[in-house]
2 protein chains.
Amino acid sequence: MTTTADELRRVALEEFASAGYHATSIQQIADRAGVSKATVLYHFASKEVLLESALAPAIDQLDGILGKARLAALRTGGEQRAEFLRQFVDFLLQHRSAASIFVNQATTLEDVPIVRRANAEIQLVSGYLEENVGSLDEKVRFGVALGGAAYLLAGAPLAMPVQDLDAMRAALITVLGDLLAVTPALASAPTTSD
Amino acid sequence: MTTTADELRRVALEEFASAGYHATSIQQIADRAGVSKATVLYHFASKEVLLESALAPAIDQLDGILGKARLAALRTGGEQRAEFLRQFVDFLLQHRSAASIFVNQATTLEDVPIVRRANAEIQLVSGYLEENVGSLDEKVRFGVALGGAAYLLAGAPLAMPVQDLDAMRAALITVLGDLLAVTPALASAPTTSD
DNA sequence: TCAGGTGTTGACCGATCGGTCAGATTTCGG
DNA sequence: CCGAAATCTGACCGATCGGTCAACACCTGA
């Protein structure tokens, strides 16, 4: 059984991702969920609280992936870096709507605490690269890899229909691993079991 | 001498890019330009017309880069593909604010004709890849390269301060060329031809 | 000097937004 | 069966938005 609050979170996430937060009214969400506007405001104190509640699961997982301890493993180019890439790609696949909001509306939602926190997490990666990665070339490789993956899966216009998610996942991991020189010898090899 | 209309276009472009179209009121633009709200509506029939006018130069240049004739050159991996990458990177650098709007607010502004046109242009690249590029791997390479470059230069949170634009440009062209195997002999790990 | 375009403005309007509130309805333990 | 808590709703409110309009200042050519 899905509660009304859960349904509202689900609908709101889709609506915010597809039409944009500011362009989506509480009334629209209420209509699509089959309840009144007042009901939405009963379950969530404000529109912003609804957004935060809808994004919470995604940002929690992002927290886990980008933990500072795990981040330290990125310096080396070995299996840990490959694992990080896999987790990042899976995060994008599992939370496409939320990721789309982070990618496509980051500037618009700067004043929303939870979005600010997500941005800060990503800045953390950027800051880590600034400190630990020497060449600008390598920084750009990281930026292109992570940004490219995010834009490809969560960005709007360029995103292809993506019929086969598994194939896309495999291709993405291959390309990203290749770009970041993860296990160079195996770059084009099929992703091993997981 | 810069006319009032030019100044309004300039201010509006920055404001729309940094705060978002729907979150930016005509009053804010008027204030920042030192004129009244009515003056803005005198020069531009509506807020949407102002957005279109501000984005026009950028989309015109994008038109030139993504022309179908030039697109056909992408199939080969030679100098023409490298030239395309250079033009695309320069487009992002020269029109960062406009590109930022396309990248970060594409979904939100789907109903604005000029943005829809920009999205269509990019879809055109996607469609071209669908027809002419065989392997999913190669498609993903293109997607990551173009999306990554766009997100790195025009996307919000991951975008580093970018102190040295020339160095960034050079690094980006190198990395993108490497990723798309522009000079196959020099690529790090040439994926088997398809 | 004067007539007429050009640019600018404050006052105003209807619509819509997020949010409040008192009350109706449903649910459920005792 | 009952009463209280939880849930839901229509009516309403103040604020803000995009946009209109009549009036005012300014410049310029005849």
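So you know, we letter chains A, B, ... as the sequences are listed, proteins then strands, and number each from 1. The figures here come from the full heavy-atom set of this structure, side chains too, leaving out hydrogens, waters and symmetry mates.
Ion pairing of A/D6 with A/R10 is absent here, as no side-chain N (NZ or NE/NH1/NH2) approaches a carboxylate O to less than 4.0 Å.
Phosphate proximity of D/dC8 to A/T4: present, with a side-chain N or O under 4.0 Å from OP1 or OP2.
Residue contacts shown for A/S25 are limited to sugar-phosphate atoms, with no base heavy atom under 4.0 Å away. Among the protein residues, B/T3 comes within range of no part of the nucleic acid, since none of its heavy atoms lies under 4.0 Å from any strand.
Between the side chains of A/S100 and A/S97, no donor-acceptor pair is found at a separation under 3.5 Å.
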Working note: A/Q123 + A/N119, criterion side-chain hydrogen bond (donor to acceptor under 3.5 Å, both in side chains); need CA distance, chi angles, decisive distance, verdict.
CA-CA 6 Å; A/Q123 290 282 13; A/N119 288 353; over 6 Å; no
Evaluate the criterion salt bridge (charged side-chain N to carboxylate O under 4.0 Å, His left out) for residue pair A/R169 and A/D166; output intermediate values, then yes/no.
CA-CA 5 Å; A/R169 177 180 180 274; A/D166 285 339; over 6 Å; no
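Following rounding to the nearest Å, A/Y42 (OH) and D/dT7 (P) show an atom-to-atom distance of 4 Å.
A cation-pi contact links A/K47 to A/Y21, judged by a cut-off of 6.0 Å to the six-membered ring centre and 45° from its axis.
Scanning DNA chain C 5' to 3' for nucleotides with an atom closer than 4.0 angstrom to a non-hydrogen atom of chain B gives a first and last hit of C/dT6 to C/dG10.
Residues A/V175 and B/L179 meet the side-chain proximity criterion, which asks for heavy atoms closer than 4.5 Å.
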